[in-house]
Amino acid sequence: QQQVKQSPQSLIVQKGGISIINCAYENTAFDYFPWYQQFPGKGPALLIAIRPDVSEKKEGRFTISFNKSAKQFSLHIMDSQPGDSATYFCAASGWNNDMRFGAGTRLTVKP
Amino acid sequence: KAGVTQTPRYLIKTRGQQVTLSCSPISGHRSVSWYQQTPGQGLQFLFEYFSETQRNKGNFPGRFSGRQFSNSRSEMNVSTLELGDSALYLCASSEGRAGNTIYFGEGSWLTVV
């Protein structure tokens, strides 16, 4: 069963725009929520992560917003650049270190 | 520090055969996880090993198995290959505590014909 639901499946944004990817989880035992970025031919790489004790975390142009009561979290990419074109995965894990991934979002940033 | 290394990078097998994939984790990492990535199913968790013991397991049939050695290197094996096993198999390593970042290798591309 899918424990982390991610949307949209694909996203096209103009250069300079804001990219928003959403995820929802079911298991309230999850307490670590990372986002991974994957370029073609490469393994996923950690982009940014958040824990449920904060509602927002920002690193450069990347921001995670977290809503514990709604069991949702999202990734915002400000001033999106063509180099941001990649597949993004949200994930969640709990005390047992068993990480579950969303289905991925293919982002295309048009110049 | 060297990253996660997976071998082989590409391989083609025939239906019914078996395959073994290898993973060398980042030095000092004791946890190794394996994932299957396909276009339609995303990243599916196979299993995780910590200190030579399987600690977590996903929902895959018994044809998928793994092991970890005392130096933390890991192998996964798929027996009686099916066409649907064609995928990118990713290995990831971490220190093994909850909330630790996991670092992925570049994967092994398996094609079953």
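Lettering follows sequence order; numbering is per chain, from 1. Keep in mind that this is a model prediction, so the values were computed, not measured. Because only heavy atoms are used, hydrogens play no part in the values below, and waters and symmetry mates are left out as well, while side chains stay in.
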For chain B, find which of A/Ala45, A/Ala49, A/Ser93, A/Pro44 contributes the most heavy-atom pairs closer than 4.5 angstrom.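 The answer is A/Pro44.
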Part of A/Pro34 within contact of chain B (heavy atom distance under 4.5 Å) |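 Looking at A/Pro34, nothing touches chain B.
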Exercise for review: Let me know if A/Gln38 has heavy atoms under 4.5 Å from chain B in its side chain, its backbone, both or neither.
Suggested key: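 Contact with chain B: side chain only.
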- Query: Which residue out of B/Glu48, B/Arg9, B/Gln37 racks up the most heavy-atom pairs below 4.5 Å with chain A?
  - Reply: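 Looking at each option in turn, the highest pair count goes to B/Gln37.
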More than 12 heavy atoms of other groups within 6.0 Å of [X] [atom1]:
| X | atom1 | result |
| --- | --- | --- |
| A/Glu59 | CD | yes |
| B/Arg63 | CZ | yes |
| A/Arg61 | CZ | yes |
| A/Lys68 | NZ | no |

Answer with side chain, backbone, both or neither: which region of [X] has an atom nearer than 4.5 Å to a non-hydrogen atom of chain A?
| X | value |
| --- | --- |
| B/Tyr35 | side chain |
| B/Ile102 | both |
| B/Gln6 | neither |
| B/Ser31 | side chain |
| B/Leu43 | both |

In this structure, would [X] and [Y] fall into the same cluster of hydrophobic residues linked by side-chain contacts under 4.5 Å?
| X | Y | answer |
| --- | --- | --- |
| A/Phe101 | B/Phe60 | no |
| B/Leu88 | B/Val78 | no |
| B/Val4 | B/Tyr49 | no |
| B/Val113 | B/Trp109 | no |

Quiz prompt | Closest heavy-atom pair and its distance - A/Arg100, B/Phe45 | solution =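 The answer is NH2-CD2, 4.1 Å.
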request  = Calculate, to the nearest 0.5 Å, the distance between atoms OH and OG1 belonging to A/Tyr36 and B/Thr101 respectively.
outcome  =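 Answer rounded to 0.5 Å: 6.0 Å.
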